[in-house]
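These notes are about the structure you will find just below.
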2 protein chains.
Amino acid sequence: MRSEDIAKLAGVSRSTVSRVINNYPNVPPETREKVLKVIQQHHYQPNTYARALAGKGTNTIGLFVVSTADKFSTHRIYQNNYFAPFVESVVDTANSLGYYVLIHTLYTLEDYQKVKQACLQKRIDGGILVGTRKEVDVIRELVGLEAPIVLIDYDIGEIIASRLDKSNVSVINSKDYDGAAEAVDYLISLGHRKIGMINGSVNTFSGAERFKAYESVLQRNGLSVEKGYILNGDFLKQNAYHEVRGLLASGQELPTAFFAANDDMAAAAYEAFKEFGLSIPEDISIVGFDDGPIAAQLVPKLTTVRVPIYDMSKEAVQKVVALCEQTVTAFSTVSFPAPLVVRDSCREL
Amino acid sequence: MRSEDIAKLAGVSRSTVSRVINNYPNVPPETREKVLKVIQQHHYQPNTYARALAGKGTNTIGLFVVSTADKFSTHRIYQNNYFAPFVESVVDTANSLGYYVLIHTLYTLEDYQKVKQACLQKRIDGGILVGTRKEVDVIRELVGLEAPIVLIDYDIGEIIASRLDKSNVSVINSKDYDGAAEAVDYLISLGHRKIGMINGSVNTFSGAERFKAYESVLQRNGLSVEKGYILNGDFLKQNAYHEVRGLLASGQELPTAFFAANDDMAAAAYEAFKEFGLSIPEDISIVGFDDGPIAAQLVPKLTTVRVPIYDMSKEAVQKVVALCEQTVTAFSTVSFPAPLVVRDSCREL
DNA sequence: CTGAAAGCGCTTACAG
DNA sequence: CTGAAAGCGCTTACAG
């Protein structure tokens with residue numbers, strides 16, 4: 001069924017059918033009704049591609065998620081607690097605005113070409129990128145595209161320094177530095193002096209911020225930053241688990257508290273400590289980051305920094321859509337607060 | 001940049017450019033090289049919509065996830081432990097086959113129209129539906145479409161009875177009846193005689209199967225099915241939590257074991273029991289279903305039935321793609337084994 | 001208010 | 001082996 005068929009059945013021209021479909025004002029109510037009736041009777045839906053080709057957008061946005069885990073890691077699909085809420089809320093928000101979402105996972109640097117490709121092929125009107133590494137070159141290419149791009153978790157400073165603050169880009173962050181600082185301050189206020197960190201990926205904006213805050217809060221309080229207390233987990237549960245096990249096996253003196261750059265790694269630490277016979281928070285305190293689904297499920301419940309994933313993804317979608325529809329046309333950036341949520345995983349010394 | 005531009009630069013016609021893009025055999029190596037070079041130099045990507053309009057497929061499949069939770073439930077985005085692994089592996093498999101995936105969440109009956117719409121609008125070549133309720137009418141409509149549809153978790157019997165086993169459909173299940181039976185048998189073998197169930201949604205195929213198995217294994221063993229021991233959780237953590245709390249508060253005699261229709265509800269039971277001062281497995285044993293990410297994270301680790309989500313979603317993608325490309329053309333169905341994974345949440349009586 | 005016609009960027013018989 | 005031309009199903013100036 002094509003618009004032509006509808007036109008015939010309704011006794012009008014394709015032009016008129018098109019006008020009612022697109023809600024043009026210059027068609028009298030009776031004509032509109034007549035056409036609409038035929039359309040409904042036949043469950044007619046205009047061909048997206050033809051519309052797109054003829055100049056209408058595709059009403060589709062791309063969601064590109066940079067995976068922290070390796071594509072070939074067996075358990076990768078279970079490792080990303082950030083993923084599910086993000087995807088779900090992006091999809092819902094987009095759908096409610098009448099947009100479809102095309103989703104892609106990015107594992108390697110080459111995979112970034114996929115987003116370029118999707119834009120060039122006109123599959124999407126615009127895109128959202130989550131968890132980008134600090135690959136400015138890649139970003140430069142993307143920004144060069146005409147399609148609107150919203151970056152979630154990206155260093156605005158870098159963008160501005162590289163003069164990439166083009167009008168088709170937008171950045172959305174959470175205040176990870178502040179949140180992390182609050183977390184470490186909290187541990188210090190409880191009397192902890194030896195505080196370790198289970199680090200995320202420092203070539204991620206949020207990863208870098210969380211670590212920077214950790215370092216500077218320690219220094220500001222006259223505490224030394226011990227190399228041996230900084231474990232590299234790369235945001236991955238498995239890595240964190242091995243690192244913690246390694247520290248425990250080393251026989252080295254342990255910190256009294258750990259700040260983990262995300263909940264997944266905090267959960268891994270829980271496991272490793274328990275297996276080693278240490279209880280939380282009696283023997284060791286832990287703070288996480290994200291406040292994802294697992295945080296409150298852990299026993300004891302995890303004290304963590306809340307990243308407002310829902311708000312951020314909603315904002316991201318609204319932003320791309322606005323950019324696609326040219327409602328806004330300037331470089332913009334928003335940063336959401338990331339407050340500490342105190343639960344049961346830390347004790348006063 | 002259009003194919004016409006490439007043609008000019010390469011000194012050939014659009015036809016030839018099209019031939020090399022589509023890998024037609026009848027173009028000599030030198031010509032191919034020449035054209036390819038220009039294409040690469042200019043990062044040319046053919047417009048998807050034009051290709052689609054001209055007869056090529058869109059290389060896009062739809063993934064429609066029926067949400068167990070309410071759209072407006074605050075925590076809905078955190079409630080679906082089935083979701084993340086599913087989406088991630090569908091996306092990866094599709095991408096590796098050169099397909100894009102359009103994703104949609106279905107909350108209401110009307111939302112099913114979205115899949116029809118996506119097909120009618122030719123946005124997708126085919127679709128995958130996960131967690132469909134037993135709405136045969138909806139399915140009937142979908143099956144009437146020409147686009148290939150793969151249903152995950154759907155009653156084959158119903159499809160065959162309604163003569164909906166058309167060549168554009170395919171069904172993929174896990175052997176939930178067997179898995180559930182194994183779980184309940186296991187509890188009985190440990191000496192449990194009073195076994196409760198935290199039920200899923202029985203108007204879901206898997207939900208119904210899990211419950212049927214529970215009932216019949218009890219009966220086969222001469223155990224009575226106690227109404228009071230059957231809690232209705234509807235697959236949702238929150239509901240399960242309230243139901244369990246309700247049972248505990250009632251002062252009624254408790255079963256010695258519970259079989260939960262999914263891990264999320266088992267996790268909710270963990271919480272409720274712990275708050276009530278009951279330890280697992282000392283005071284009460286629990287078996288879950290899914291073996292999703294949380295199963296092994298719970299303390300004690302959850303004994304559960306493993307649903308091979310990864311294999312199922314991979315199979316689903318391969319099937320739609322095969323159907324889209326007309327490699328297969330018959331109604332088909334696969335059912336994956338769902339074995340019991342014994343961990344630490346049950347004790348011998 | 002409305003229709004005929006051009007155009008969007010491809011693919012694919014058709015003819016040579 | 002290759003080009004000219006028709007066609008895919010829309011939208012949108014243009015003219016009336």
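Numbered from 1 within each chain, the chains take letters A, B, ... in sequence-line order.
Residue A/Lys56 is classed as a sugar-phosphate contact, given heavy-atom separations below 4.0 Å to backbone atoms only. The residue B/Ser15 sits close to a base: some heavy atom pair falls under 4.0 Å.
For A/Lys56, the side-chain contact (heavy atoms from CB on, under 4.5 Å) test picks out A/Asn22, A/Tyr24, A/Arg51, with sequence neighbours left out. Every residue two or more places apart in sequence or in another chain that forms a side-chain hydrogen bond (donor to acceptor under 3.5 Å, both in side chains) with B/Thr58 is listed here: B/Asp125. Qualifying ring pair (Phe, Tyr, Trp, His ring centres under 6.0 Å) partners for A/Tyr154, counting only residues two or more places apart in sequence or in other chains: none. Taking the ring pair (Phe, Tyr, Trp, His ring centres under 6.0 Å) definition, one finds that B/Tyr49 meets it with A/Tyr49, sequence neighbours left out. Residues satisfying the side-chain hydrogen bond (donor to acceptor under 3.5 Å, both in side chains) test with A/Thr204, not counting sequence neighbours, are none. Under the rule for a side-chain hydrogen bond (donor to acceptor under 3.5 Å, both in side chains), B/Thr333 has no partner lying at least two apart in sequence or in another chain. Residues passing the salt bridge (Lys or Arg N to Asp or Glu O under 4.0 Å) test with A/Arg32, sequence neighbours excluded: none. By the side-chain hydrogen bond (donor to acceptor under 3.5 Å, both in side chains) test, A/Lys34 pairs with no residue at all, sequence neighbours left out.
For DNA chain D, the stems formed by at least three consecutive Watson-Crick or G-U pairs, with both atom-pair distances below 3.5 Å, span C:1-3 with D:14-16, C:5-12 with D:5-12, C:14-16 with D:1-3.
Comparing B/Ala50 and B/Thr16 by the nucleotide of DNA chain D whose heavy atom lies nearest to each, the residue mapping closer to the 5' end is B/Thr16.
Nucleotides of DNA chain C with any atom under 4.0 Å from a heavy atom of chain A span, from 5' to 3', C/dC1 to C/dG9.
Straight-line distance between the C1' atoms of C/dT12 and C/dG16: roughly 16 Å, to the nearest whole Å.
Of all the residues in residues 18-37 of chain B, B/Ser18, B/Arg19, B/Asn22, B/Tyr24 reach under 4.0 Å from DNA chain C with at least one non-hydrogen atom.
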Validation: residues 99-106 of chain B side-chain donor-acceptor distances under 3.5 Å, sequence neighbours left out:
unit_1, atom_1, unit_2, atom_2, d
B/Tyr99, OH, B/Glu325, OE2, 2.8
B/His104, ND1, A/Asn95, OD1, 2.9

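The side-chain heavy atoms of A/Val130 and A/Val66, taken from C-beta on, include no pair separated by under 4.5 Å.
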